[in-house]
**Q** 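Can you read through this structure? Questions will come right after.
Numbers for residues simply follow the sequence, beginning at 1. Counting convention: from 1, in listed order, for ligands and their atoms alike.
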Amino acid sequence: ETSSTVITCWAAIAWTANAPLSIEKVEVDPPKPGEVRIKIISSGLCGTDKHILDGKNKVPLPAILGHEGAGIVESIGEGVTSVKPGDKVLTFPIPECKECQFCLHPKGNMCLKEKVLSPTGLMLDGTSRFTCRGRKIYNLFGTSTFTEYTVVHEIAVGKIDAAAPMDKVCIMSCAVPTGFGAVFNTARVTPGSTCVVFGLGGVGLAVVMGCKASGASRIIGVDINEKKFPPARALGVTDCLNPRNLKKPVQEVVKEMTGGGVDFAFEVIGNTDTVVAALESCHMSYGVCVMVGESPSNSRLSFDPILLLPERSLKGSIMGEYKTRSCIPKLVTDYIQKKFNTDPLITHQLPFQKINEAFELLHGGYCIRCVLLF
Ligand code: APR
Ligand code: ZN
Ligand code: ZN
C-alpha cells in the first residue's frame, strides 16, 4: 500500500562536524515512486560515520548519518515491487539497480546509480525526504539510519529472511560484507597463507573472521588500541602488534615475522600512512594488499612505484565487491542457518537516544560494534 502521510519522529542530526549529534523531531516525507519508507529497528555505528563526524570525510551537512541499518518496511512508493509493508529489510550504501551496464557486468558492484564516492546527500531526483525545524536535512549515502524512519530507494533495499534477528543483522549492511568480501572476493585468501590486518574494529575483525575461515595459517593484527587485542585473538588473530610500541616501522616487523612479507594485507582504518605500511608488509612478488578503509577526503597516497613492479599488488574493495541486493540477503540466510557467527562483533547495545555515548565508546575503549536499538 502506498502512503501519503508525513511521519514526525526522532532522529539524530549532524548539524556540523566535530560536535555531538542532536536528537530532534524530524518530518519524514512519504516515499516517492521507486522509494521505500522504513521503520529502523537497529543500526550499527561504522568507522565511516565516525570519520564523517570527525570532519575527515566530507559529506553535505546538516545530515542524518548512519548506513548500517535493519528495519521493517512501513510504506512503499509507486512501482515498488521487491518489498511490501511489513517486510524485514537491510539498507545498503551501494545500490544495485540490476539494469545498468555495471550491474549487468559479472564483476564489480559499483552500480551506476551509486553516490557513495561523491555523496550528494539527496535522493536521485535531487530532493530530500527529511525536514527539521523548517530546514532541509541531507541523507547519507541514500540510507540515513540514525532516525526512527527513513526513506531509501528500492534499489538500495534488500529483503531479508522473516526469521532474521533484527537486533543482530544490521551489521550485515556494512561491516560483515565489507570484511568478508575483502577476503573472499577481492583478496581470495588461500589455505595456509599469511595475513596482516591493519585496524581491528568491526570491519577489521570481519576481515579476521574471513581469513580464519579461509584457512590462513597466521593472522597478524595491527592496532594502536591494545584493548582490541583480546577480542581479535578470540576471533583468530595469532600475533598482535601495536606500532607505537615497536622500535622499527611495523611493516619491517611484519616482514621479519613472515620471511619477507605476508601473502595478504588488509588496511581497515582509512589512513594513507597505514595503506602504504600495509602494502610494504606484503611479499614483494606475490603479496596482495587490499585497501578497505576510506582515507580522508582530498588525501593522496605516496609510495615508491618500485613497490608494485615486482608483482606486488594493491587493490581496493568496497562493500566486499558484493552486488548488494543479490548477495547480502543470502549472507543473512547463511547467518541464520549458523554457517558463521558474527555476533561477537557486537560488543555493545544502546538505546538510539544514547547515540553520542555510542560514538564515545567507538572512540575510546573496548568496543567493536555498538548497535543502536530503536
Ligand atoms: N594504526 C593502527 N590502528 C589504527 C590507527 C593507526 N594509525 N588508527 C586507528 N586505528 C584503529 C582503531 O584503534 C580501531 O580499532 O583502527 C580501528 C578502526 O576501527 P573502527 O573505528 O571500529 O572502524 P571500522 O568500522 O572497523 O571501519 C574501518 O573501514 O569501512 C571502512 O571506511 C571505513 O575507514 C573505515 C574502516
Ligand atoms: Zn560502513
Ligand atoms: Zn546498476
**Q** Run the contact test for C46 against ligand 1 with a 4.0 Å cut-off on heavy atoms, strictly below, and give the result.
**A**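 Yes, C46 has heavy atoms under 4.0 Å from ligand 1.
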
**Q** Is K168 salt-bridged to D343, cutoff N-O under 4.0 Å?
**A**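 Salt bridge: no.
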
**Q** May I ask you to identify, for E294, whether its side chain, its backbone, both or neither come under 4.0 Å of ligand 1 on a heavy-atom basis?
**A**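 Both of them.
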
**Q** Taking the side chain from K228 and the backbone from C367, do they hold a donor-acceptor pair closer than 3.5 Å?
**A**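 Present.
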
**Q** Is there a polar contact, in the sense of an N or O pair closer than 3.5 Å, between I269 and ligand 1?
**A**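 Yes, at least one N or O pair falls under 3.5 Å.
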
**Q** Short question: side chain of T178, backbone of G320 - any donor-acceptor pair under 3.5 Å?
**A**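 It does not hold such a pair.
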
**Q** For L104, what are the other residues in its hydrophobic cluster, where any two members join if their side-chain heavy atoms are less than 4.5 angstrom apart?
**A**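 Noted: L104 shares its cluster with no other residue.
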
**Q** Calculate the angle formed at the Zn ion (ligand 2) by SG in C174 and SG in C46; 10° precision is enough.
**A**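 So the angle at the metal works out to 120°.
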
**Q** Answer yes or no: are there more than 12 heavy-atom neighbours, outside K50 itself, under 6.0 Å from its atom NZ?
**A**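 Above 12, so yes.
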
**Q** Before you tell me yes or no, could you show the steps for E27 and T131 under side chain to side chain donor-acceptor pair (under 3.5 Å), namely the whole-Å CA-CA distance, both residues' side-chain angles and the distance that decides it to 0.1 Å?
**A** CA-CA 5 Å; E27 287 97 53; T131 313; 4.7 Å; no

**Q** Looking only at N/O atoms, are I368 and ligand 1 under 3.5 Å apart anywhere?
**A**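 Checking ligand 1 against I368, no N or O pair falls under 3.5 Å apart.
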
**Q** How about S82 and E154: does a side-chain donor come under 3.5 Å of a side-chain acceptor?
**A**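 Per modelled atom types, S82 and E154 side chains form a pair under 3.5 Å.
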
**Q** Is any N or O atom of K50, backbone or side chain, closer than 3.5 Å to an N or O atom of ligand 1?
**A**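 So ligand 1 has an N or O lying under 3.5 Å from an N or O of K50.
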
**Q** Do I94 and M110 come close enough that some side-chain heavy atom pair is under 4.5 Å?
**A**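 SC-SC contact between I94 and M110 confirmed.
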
**Q** What protein heavy atom lies closest to atom 14 (C) of ligand 1? Include the residue and the distance to one decimal.
**A**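 Protein heavy atom at minimum distance: D223 OD2, 3.5 Å.
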
**Q** List the closest protein heavy-atom neighbour of atom 28 (C) of ligand 1: residue, atom name, distance to the nearest 0.1 Å.
**A**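 Protein heavy atom with the smallest distance to atom 28 (C) of ligand 1: V268 O, 3.2 Å.
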
**Q** Report yes or no: does E68 contribute a side-chain atom to a donor-acceptor pair with the main-chain N or O of A175 at less than 3.5 Å?
**A**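 Side chain of E68 to backbone of A175, a donor-acceptor pair under 3.5 Å: yes, one is there.
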
**Q** Of the protein's non-hydrogen atoms, which lies at the shortest distance from atom 32 (O) of ligand 1, and what is that distance?
**A**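 Ranked first by proximity to atom 32 (O) of ligand 1 is T48 OG1, 2.9 Å.
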
**Q** So, the side chain of S299 versus the backbone of P296: is there a donor-acceptor pair under 3.5 Å, distance only?
**A**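 Checked: pair present.
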
**Q** Can you tell me how far SG of C370 sits from CG of L361, rounded to the nearest 0.5 angstrom?
**A**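 With rounding to 0.5 Å, CG (L361) is 5.5 Å from SG (C370).
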
**Q** So do T91 and F141 actually touch side chain to side chain, heavy atoms under 4.5 Å?
**A**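 No, side chains not in contact.
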
**Q** Report the C-alpha distance between T143 and T150 in whole Å, list the side-chain angles of each, state the deciding distance to 0.1 Å, and finish with yes or no for side-chain contact (heavy atoms from CB on, under 4.5 Å).
**A** CA-CA 7 Å; T143 52; T150 189; over 6 Å; no

**Q** Backbone or side chain, does any N or O of G202 fall under 3.5 Å from an N or O of ligand 1?
**A**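 Looking only at distances, the answer is yes, because the N/O contact criterion of under 3.5 Å is met.
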
**Q** Which atoms of ligand 1 sit under 4.0 Å from any heavy atom of K228?
**A**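 Per the distance check, 15 (O).
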
**Q** Tell me which protein heavy atom sits closest to atom 5 (C) of ligand 1, plus the residue, atom name and distance to 0.1 Å.
**A**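 Scanning the protein heavy atoms, the shortest distance from atom 5 (C) of ligand 1 goes to I224 CD1, 3.6 Å.
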
**Q** Quick check: N225 and ligand 1, any N/O pair under 3.5 Å apart?
**A**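 The answer is no, given that N225 and ligand 1 share no N or O pair closer than 3.5 Å.
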
**Q** Is the contact between L362 and ligand 1 made by the side chain, the backbone, both, or neither, using heavy atoms and a 4.0 Å cut-off?
**A**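 Only the side chain of L362 comes within reach of ligand 1.
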
**Q** Specify whether F184 and F180 have parallel, tilted or perpendicular ring planes, treating 30° as the upper limit for parallel and 60° as the lower limit for perpendicular.
**A**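 Taking F180 first and then F184, their aromatic rings stand perpendicular (interplane angle over 60°).
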
**Q** List the closest protein heavy-atom neighbour of atom 26 (O) of ligand 1: residue, atom name, distance to the nearest 0.1 Å.
**A**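 Closest protein heavy atom to atom 26 (O) of ligand 1: V203 N, 2.9 Å.
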
**Q** To check your reading of the model: name the closest protein heavy atom to atom 23 (O) of ligand 1, its residue, and the distance in Å.
**A**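 Residue, atom and distance for the closest contact: G47 CA, 3.4 Å.
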
**Q** What is the closest protein heavy atom to atom 20 (P) of ligand 1, and at what distance does it sit?
**A**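 Looking at atom 20 (P) of ligand 1, the protein heavy atom closest to it is G201 CA, 4.0 Å.
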
**Q** Of the protein's non-hydrogen atoms, which lies at the shortest distance from atom 29 (O) of ligand 1, and what is that distance?
**A**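 Looking only at protein heavy atoms, the one closest to atom 29 (O) of ligand 1 is G293 CA, 3.7 Å.
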
**Q** So how many protein N, O or S atoms does the Zn ion (ligand 3) have within less than 2.8 Å?
**A**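 Number of qualifying protein atoms: 4.
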
